[in-house]
Structures are given as C-alpha cells and as structure tokens.
Amino acid sequence: MYTPKRARLMFPSPIRLLTKRMLQKRYNSCQVPALLTNCSLQASRQVTIENLSDEVLLNIFRYYLDASPRFWLWLVHICRKWRRIVFASKRALRLRLLCTHGTPILSLKALDCWPTLPIVVHHGGSLALNPPAPEDEDNIMAALNQSDRVSSISLTVTSSLLEKLSAIEKPFSQLEDLVLLSRDSIRQTLPSAFRWGTRLRCLHLTRVAFPALLHLLYASTNLVDLQLHEVINPWHFSPEALTDALSGTPRLRSLSLHLLTTANYIALDLPLPPPPEKRIALPVLTRLSFRGIAEYLEGLVAGIDAPRLGDIEVTLFNEFIFDPSVLSAFIDRTEMQRSQLRAEILSSERAISISITQPEASTRLELQVSCEPLARQFSCLAEICDGLSAFLLGVEHLHIGATQPPRGQDDSDDEEWAKLIYPFRGAKSVHVAGDHSTNIVCALRSPHRLQPALHRLYIAQPGPRHAPLREAVVSFMTSCRLSGHPIEVEYEQLCHISGLRGTGPFSQPAPNEILSDDILLNIFQHYLDASPRCWP
C-alpha cells in the first residue's frame, strides 16, 4: 500500500501499523462481517482490510470518529484511498477542527491546510470544566478570528479573554451552538461586534450579556434551545420586550430563564409594565424553567401561547404572589394532562417544593418559593395551589415527605399543612413519610379538611403504642369511619405482615401485641378482601 511522503514524516511506521491493526481488529470482531451478507462466515474471515469497499471503510471510520473526533487526522495520513474517502464524506463523518485543551492544532498554518472544515472551540462553558489558561488564549483567538467557519463555541469568558474578543469584526455566520459562562458570579458584557447569524440552534448564557441581546434573539429564527441564566435584569427588560423577541423563534423547544438574584434589584422600586395585550405563539415549546420574581412570571406567561408545553419549573424569589389564575389560564392553554396525576410535596428545614407529574404523558409542573421563613413558603404555595385547584383535582396519588421539621415547630403547623393539602382533595391515596408525619396526619383528620375521595393512606410504621403518630393515625381512621368514608391504612414495614399462627401466608410470627384493635382490624380486612379463606 502506497504511503505519501508527508504521512511517513508525520506518522512513523509503527503508528500506521497500529492504526491499521485497530481497524482490522474491529473489522474481524462482529460488525463488519455482518455487512457481507453474500459471503460465507469462513470467507468473511479471510477478507483483509485492503479488500474492503469504500462503504464498509466509511462505516468503520464513522464508528471510531463518533467516540474520538480527533481520529480523522490519523486516517487521512494512512494512504491516498483513505484520505479520499474521509474528505469525500466530510458531512457524514462530521469532520471538525477542534480547539480544546491539549489540542494546539489551530495555528494559522493548520487552518490554511483545511480551509473548508468547520471549527469547534471548546474551552470550558460549565462550572465542571476548567477555564482557559492564559497560554490557551492565542489558540482560541486564532480560531475565533475565522468567524465565518466557527460552528460551535463552548467557552468560559475570563477578564483577559474578554479584552481580546473586541478584536473580532465579522459575525459568526455559521455558528450553531453558543455556550458562554462567566465564573465567580461576575457578570460580563461582550462587545457589540460579537454576534451570530440565523443558523444558531442552541444559546446558553450564564452571567454573560450582549448589548443588543433582544435584537439578536428576534433574528435567531432557527433557535431551538435558549438558556439565559443571570443575564436579564427585570427592571431593564420587560416581559413584553422579551416575548416580542421570542416571537422571532418559532422553533424554540426549551426556554430556561433565571433572572438576576433579588440582591441586585431589591432596592429598586420601579413598577413593571402591564401584561401584553397580544400573545405570541411558540408552537413547539415543550419545556419552561423560570427563576425570578412573581411579577415578571405573570407578565411572561400572560404573553405566551405554548400548546405543546409539558414541563414547567417555577421558582419564585420574593413573597409577593401574583394572581394564580394567570398561571392557571396558561396551563389551560397547554397540553398538560388533567387526570391520573401524581403530586409530591417535599419539605426540608429551609425549602418546600411541589411537583405534579403525569408519568404516561411525561408532563411535569414544579413549584417552589425561595423566601424565609418556612411558614411564609407554606402560605405562598397554598395560595398558588388554591388558584390551581381545578388542575390539582386531577391528582390521584399524593406523596408528602418532610426530611427535617422546621425550627420552632408547634401545633400551628397542622393548620399550615391543612391549607396546603386542601387543593389536592381529589387524591385517592396519600403516602406520608418523614419527620412531619404527625402534623400531616393531624391535618388530614381536621373535620373541615377531610377528603372524601381518599381511601388509602400509606405511612411508615409508628413507634410505641402511645406515640403521637400512632394516636394521630387511629384518630384519623376513627374520624373517617364515623363520617361514612372509611379508609385503609398500610404501614410500609408491615405490608408483608404475617402475624397469625397457622399455615399459608400467615405462618410467620409478628409483633401483633403492639397494635391496637383498630389497626389489627384494618390489617385483617386488607387480607380478607384478597383471600376470604384466610380468616381461620
């Protein structure tokens, strides 16, 4: 096989042999022989890599390049045939010139060797990745100066790099993915010359702003994924201005909007503009994540129609609660399911969140209020849930978990839980777990909070006979029976109880001496409903 002189100089013979051996081994393993349907198994084992067709070689190349995009540089220096196949299939193999850590290939000479290949710049872009070092900045700028060839940028913007970016004059007309991050909570503003074209599909900005951001968004007609975290100041960009900019992105599927924290604008006392009178349509939007003040959310959802939206996550910074009917009307304009819903209320010492899901339809609504104290969060979420009561009536299974009780807990928490649980009065089963279990059961047994649809309660096994949780459970069961709506109670550690002596499923001993008559009767009824002959 002929090897060009240039290849012999760049790659010694052992490397060429290693590359061919790797591909020969892959060919002989299992995948390539399956492509040779007209050959017998014995014949396929005798075929060497030199006899493979261009199509089979292309499949082998694609296999390796999917895992190691840099591998194509080796392939084109093996022989003329391989070089021809690789460069004839640039789109199929997704050939790229990479500018990453440890890849100093993007000198001006290297860029001139392959003038038609797109450039990918990856130096950071997330908190898990290291920012570019000072010695990397020359490589980065050499790549970014070829702005008409750059297809993807994932970059952590440092102060020194920000000064050099002002030298870029031409727009990134071929850019498809842009991920920019500023570390250490420092908000950076890029120069106005840094802009992209209409090919952009993914835009993730974290503490990195643009002077004409809304204008650039309006022109991004192919944008699919938009993430603006700590970029927008709600006092400078109104919800109406943002929705007007989003009207130019009809293909948008995911929108994540995290406003600047309250510390940056809490001192300002400026009124927000009224909600827009005309709504924009985002026909394929499926995910919305919002973190910010309630007033901004009210204006945002009032100006958007997203019929396919099924994943909503809302975290409110302040205690002010907007009119919940605005959010309720917004949900009504989506395809979120209204039946067979599951809800989960999770409470810790500092935060409480509510998540409503529909597993079959993969829809989700998550609500959280970030304020102090915890009682205020209860009150705010209770107001929101009360405004969404028509939607929450579709919740059939409710899970309530509290990992840690709030400081200064007292009996008044029962009423707080009762207000929060009441909008879920259509739930058929409730699962209670955690340190708040006694308060939650007491809230359920409140006479004016009884839920007639509830017929089953799952709860962790109570402690001793006179423990508060055990007494609350017995009192709740008694109240339900007297009201004409008896319920079943299942303990998590007693779901396989076998406490009666005899044969069959009840042949194991169990500590039934610690259970009250009411609980024993409930357990007997559970088993006799399924197996009436077990009563002896």
Side-chain angles (χ1 to χ4, degrees), residues 204 223-229 232 234 239 242-243 246-247 249-259 275-276 279-318 320-346 351-371 377 380-399 420 423-424:
H204 288 191
L223 194 62
V224 174
D225 185 3
L226 176 60
Q227 175 180 300
L228 303 177
H229 288 184
I232 292 181
L242 180 59
T243 54
L246 295 178
S247 64
T249 59
R251 299 184 180 181
L252 190 64
R253 294 180 178 272
S254 175
L255 173 60
S256 181
L257 182 63
H258 295 186
L259 303 183
R279 294 193 297 265
I280 67 166
L282 298 177
V284 295
L285 184 68
T286 58
R287 177 180 178 270
L288 171 63
S289 176
F290 178 86
R291 291 175 60 90
I293 58 176
E295 301 95 325
Y296 203 92
L297 176 64
E298 180 179 357
L300 182 67
V301 299
I304 294 178
D305 272 338
R308 298 184 61 182
L309 188 62
D311 188 354
I312 304 175
E313 181 179 348
V314 174
T315 300
L316 301 178
F317 287 157
N318 55 345
F320 171 78
I321 299 301
F322 60 94
D323 184 2
S325 61
V326 177
L327 182 59
S328 179
F330 177 66
I331 295 176
D332 290 339
R333 299 196 300 270
T334 68
E335 292 184 351
M336 296 193 69
Q337 298 293 324
R338 307 304 198 273
S339 61
Q340 299 180 351
L341 300 176
R342 294 178 178 269
E344 185 174 22
I345 302 177
L346 297 179
I352 181 171
S353 64
I354 299 176
S355 178
I356 298 99
T357 59
Q358 217 289 348
E360 295 182 359
S362 301
T363 60
R364 179 177 70 104
L365 171 63
E366 185 166 337
L367 302 170
Q368 185 174 350
V369 178
S370 178
C371 65
Q377 294 185 29
C380 294
L381 286 175
E383 289 185 44
I384 296 177
C385 291
D386 188 60
L388 300 177
S389 58
F391 173 71
L392 298 181
L393 283 177
V395 174
E396 297 184 0
H397 306 282
L398 175 62
H399 181 276
L420 185 60
F424 301 90

Asks: Contact between F424 and I354 at the side-chain level, heavy atoms closer than 4.5 Å - yes or no?
Replies: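 Yes - at least one pair of side-chain heavy atoms lies under 4.5 Å apart.
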Asks: What distance separates L388 CG from I356 CD1, expressed to the nearest 0.5 Å?
Replies: 7.5 Å
Asks: Between atom CG of L257 and atom CZ of R291, what is the distance when rounded to the nearest 0.5 Å?
Replies: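 Interatomic distance, L257 CG to R291 CZ, rounded to 0.5 Å: 11.5 Å.
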Asks: Is it true that a side-chain atom of Q377 and a backbone atom of I352 form a donor plus acceptor pair closer than 3.5 Å?
Replies: yes
Asks: For P250 versus V284, what's the shortest heavy-atom pair and its separation?
Replies: O-CG2, 3.6 Å
Asks: Under the criterion side-chain contact (heavy atoms from CB on, under 4.5 Å), I'd like the reasoning laid out for L300 against F330: C-alpha separation, chi angles, the key distance, then a yes or no.
Replies: CA-CA 10 Å; L300 182 67; F330 177 66; over 6 Å; no
Asks: Specify the closest pair of heavy atoms between A382 and L420, including all atoms of both residues, with the distance to one decimal.
Replies: N-CD1, 3.9 Å
Asks: Is there side-chain contact between S254 and V224, with at least one heavy-atom pair below 4.5 Å?
Replies: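 Answer no - side chains too far apart.
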Asks: Begin with the C-alpha distance, continue with both residues' side-chain angles, and end with the deciding distance and a verdict on side-chain contact (heavy atoms from CB on, under 4.5 Å) for D311 and T286.
Replies: CA-CA 6 Å; D311 188 354; T286 58; over 6 Å; no
Asks: Compare every heavy atom of C385 with every heavy atom of P423, then report the nearest pair and how far apart it is.
Replies: CB-O, 3.6 Å
Asks: Looking only at non-hydrogen atoms, find the nearest pair between T334 and A306 and report the distance.
Replies: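 Scanning both residues completely, I find the closest heavy atoms to be CG2-O, 3.4 Å.
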Asks: Got L246 and L252 here, is their nearest side-chain heavy-atom distance under 4.5 Å?
Replies: yes
Asks: Only one of H258, E366, Q227 forms a side-chain contact (heavy atoms from CB on, under 4.5 Å) with S289, so which one is it?
Replies: H258
Asks: Under a 4.5 Å cut-off applied to non-hydrogen side-chain atoms, are L242 and I232 in contact?
Replies: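 Answer yes - side chains close enough.
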Asks: Is there a side-chain contact between H229 and S256 in this structure, where contact means two heavy atoms from C-beta onward sitting under 4.5 Å apart?
Replies: yes
Asks: With a 4.5 Å limit on heavy-atom distance, are the side chains of V314 and L316 in contact?
Replies: yes
Asks: Taking atom CZ as the centre, does R308 end up with more than 12 heavy-atom neighbours from other residues, nucleotides or ligands that are less than 6.0 angstrom away?
Replies: no
Asks: Minimum heavy-atom separation for G292 and L259, please, with both atom names.
Replies: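 The answer is CA-CD1, 4.0 Å.
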Asks: Would R338 and D332 pass as an ion pair if we require N to O under 4.0 Å?
Replies: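 A salt bridge links R338 with D332.
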Asks: If you count every heavy atom of other residues, nucleotides or ligands that lies below 6.0 Å from R287 atom CZ, does the total exceed 12?
Replies: yes
Asks: Start with the C-alpha distance between D305 and I280, add both sets of side-chain angles, then the distance that settles side-chain contact (heavy atoms from CB on, under 4.5 Å), and finish with yes or no.
Replies: CA-CA 6 Å; D305 272 338; I280 67 166; over 6 Å; no
Asks: Measuring from H399:NE2 to T357:OG1, what's the distance to the nearest 0.5 Å?
Replies: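 If we round to the nearest 0.5 Å, H399:NE2 and T357:OG1 are 12.0 Å apart.
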Asks: Does E313 come within less than 4.0 Å of R364, counting only side-chain N to carboxylate O?
Replies: yes
Asks: Nearest 0.5 Å, please: how far is CD1 in I304 from OG in S247?
Replies: 10.5 Å
Asks: How many angstroms lie between atom CG of L365 and atom CG of L327, to the nearest 0.5 angstrom?
Replies: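 Rounded to the nearest 0.5 Å, the CG-CG separation comes to 6.5 Å.
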Asks: Keeping the roles fixed (side chain from S353, backbone from L367), state whether a donor-acceptor pair exists under 3.5 Å.
Replies: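 Not confirmed, S353 side chain does not pair with L367 backbone.
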Asks: Where do E360 and Q358 land on the side-chain contact (heavy atoms from CB on, under 4.5 Å) test, with the steps shown first?
Replies: CA-CA 6 Å; E360 295 182 359; Q358 217 289 348; 3.5 Å; yes
Asks: Would you give the length of the straight line joining atom OG of S328 to atom CD1 of I384, rounded to the nearest 0.5 angstrom?
Replies: 12.0 Å
Asks: Are the side chains of F290 and T315 in touch, meaning some heavy atoms are under 4.5 Å apart?
Replies: no
Asks: Within the structure provided, determine whether I345 and L381 are in side-chain contact (heavy-atom separation under 4.5 Å).
Replies: no
